[in-house]
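This report concerns only the one structure given below.
Ligands are counted one by one from 1 in listed order, and the atoms in each one are counted from 1 as well. Note that the coordinates shown come from a computational prediction; the quantities given were computed from them, not determined experimentally.
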Amino acid sequence: MGFLEWATSPWGQSVPIHIAWFLIWVAVIAGLLFLIVHATWLRYFAKPKEFADDAPREVVARIPKHVPRHSLVARLFHWIMAASMLTLLFTAFLPRVGVQFRWVTYHWIAGAVLTVAILFHVIHASLWLDFWSIWPDGTDVEDARRRVRRFFGMSAPPPRKFAKYPLENKLFHGVIILCGLSVILTGVFMMFRVRTIFFPRNPYLFSDMTWGLMYVLHGLAGVGLIALIMMHVYFGLRPEKLAITKSMIFGWMDRDFYLQEHDPERWVIETSSSSSSPSSSSSPSTSSRVAGQGLTDAG
Ligand code: HEM
């Protein structure tokens, strides 16, 4: 049982043509196992989260009732990406498990949408959002060390609350970047193998070996995305994460959830003076800062 399928080229060379399709089931089972183990762990074994001391009272008092988290543009990007990603997964893998239809056209159209969406996201996140908010920082690393030590019963002070994104989310984003860029870069070249509206078909662009390896990378990253998207949807539906999912629909999260999980000095919320009362709602376009220095986004 090999992980790749091979063929013989017209020149007698043995070349990989794509991944072995049983890897689809490996990914689905790996995703399901992760969900079962995680849900069991959380239900029966995990201790309540403990964080270092809360932010100063005057800082907490100025957090608005609705904490802006994702701008409209960021939310639109997320849902367009989600729709194209799910279309890509279903069009790619349903035919491999017996559901036959003319999948290639839907697939490359969804691929083109995803490619444009990701190009847009890179520019938007670099120029308008807080680019660094999604990359691990020194505090994340230090807190991860503390969390691991405490997990194994060793002494360590409690970790600080999170910035805008917990370390786990930042690492997930990193893995998605790797798989996403792999399917996009290979997918754009693979469009030369089929008829699209973008450029004339040219299957002779690369050697058989290069094409084969490209299909393998596309397939590997693709099955990786099956497990990753399963995990992402699972977390999005977990009751304790619903506040985050809701923020991807409405753009804001509840003050209580924000204060429970986030450190106002690490994720600085901009508020208007009118939102200094805890019961008023916030406007992301106004200017006074709740805590700390440096601008962070509401995006
Ligand atoms: C979630 C993301 C994606 C997944 C899971 C995925 C998966 C797949 C799979 C399994 C195949 C069959 C390959 C084979 O026979 O070895 C395929 C083919 C293809 N993919 Fe994707 N893909 C994704 C994203 C993309 C993107 C972003 C593009 C374009 C930019 C793209 C363009 C193509 C094209 C043109 C083919 C057809 C190649 C052919 O029939 O010769 N894919 N994809």
Please output the side-chain donor-acceptor pairs of residues 81-98 that fall under 3.5 Å, not counting sequence neighbours, one pair per line with the distance.
residue: S84; atom: OG; partner: I80; partner atom: O; Å: 3.1
residue: S84; atom: OG; partner: M81; partner atom: O; Å: 3.0
residue: T87; atom: OG1; partner: A83; partner atom: O; Å: 2.6
residue: T91; atom: OG1; partner: T87; partner atom: O; Å: 2.7
residue: T91; atom: OG1; partner: L88; partner atom: O; Å: 3.2
residue: T91; atom: OG1; partner: H107; partner atom: ND1; Å: 2.9
residue: R96; atom: NE; partner: A92; partner atom: O; Å: 3.2

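Near-neighbour remark for atom 21 (Fe) of ligand 1: protein N, O or S atoms under 2.8 Å are H107 NE2, H218 NE2; waters not counted.
Between F90 and ligand 1 there is no heavy-atom distance shorter than 4.0 Å.
With respect to atom 1 (C) of ligand 1, the closest heavy atom belonging to the protein is M85 SD, 3.1 Å. What sits closest to atom 12 (C) of ligand 1 on the protein, heavy atoms only, is R96 NH2, 3.4 Å. For atom 30 (C) of ligand 1, the closest heavy atom belonging to the protein is T115 OG1, 3.3 Å. With respect to atom 39 (C) of ligand 1, the closest heavy atom belonging to the protein is Y215 OH, 3.2 Å. Shortest contact from atom 40 (O) of ligand 1 to any protein heavy atom: V194 CG1, 3.8 Å. Looking from atom 16 (O) of ligand 1 to the surrounding protein, the closest heavy atom is H18 CB, 2.8 Å. Of the protein's heavy atoms, F93 CE2, 3.4 Å lies nearest to atom 10 (C) of ligand 1.
Residue R149 places its CZ atom among more than 12 non-hydrogen atoms of other residues, nucleotides or ligands, all under 6.0 Å distant. More than 12 non-hydrogen atoms from other residues, nucleotides or ligands lie less than 6.0 angstrom from CZ of F131.
Taking the six-membered ring for Trp and thresholds of 30 and 60 degrees, H232 and F172 have nearly parallel ring planes, at less than 30 degrees apart.
When non-hydrogen atoms are compared, ligand 1 lies under 4.0 Å from the side chain of W103 (C-beta onward) but not from its backbone. Here F192 has no heavy atoms under 4.0 Å from ligand 1, in either its backbone or its side chain.
With sequence neighbours left out, the side chain to side chain contact (heavy atoms under 4.5 Å, CB included) criterion links E5 to I17, H18, W21.
Close approach to M191 involves these atoms of ligand 1, each under 4.0 Å from a residue heavy atom: 35 (C). Per-residue contacts place L89 under 4.0 angstrom from the following atoms of ligand 1 (heavy atoms of the residue considered): 5 (C). Near L225, meaning under 4.0 Å from one of its heavy atoms, ligand 1 places the atoms 1 (C), 2 (C).
By the 4.5 Å heavy-atom criterion applied to side chains, D143 and L167 are not counted as neighbours.
Of the charged side-chain nitrogens involved, at least one lies within less than 4.0 Å of a carboxylate oxygen, so that R146 and E142 count as a salt-bridged pair. One finds no salt bridge joining D254 and K65 here, because no Lys/Arg side-chain nitrogen approaches an Asp/Glu carboxylate oxygen to under 4.0 Å. Ionic pairing of D263 and R160 is present here: one or more N-O contacts between side-chain nitrogen and carboxylate oxygen are shorter than 4.0 angstrom.
Proximity of the aromatic rings of H66 and F250 is defined here by a centroid distance below 6.0 angstrom, and this criterion is not met.
For residues 198-215, the pairs satisfying side-chain hydrogen bond (donor to acceptor under 3.5 Å, both in side chains) are S207-T210, with sequence neighbours left out.
In this structure, a donor-acceptor pair under 3.5 Å is absent between the side chains of H173 and Y165.
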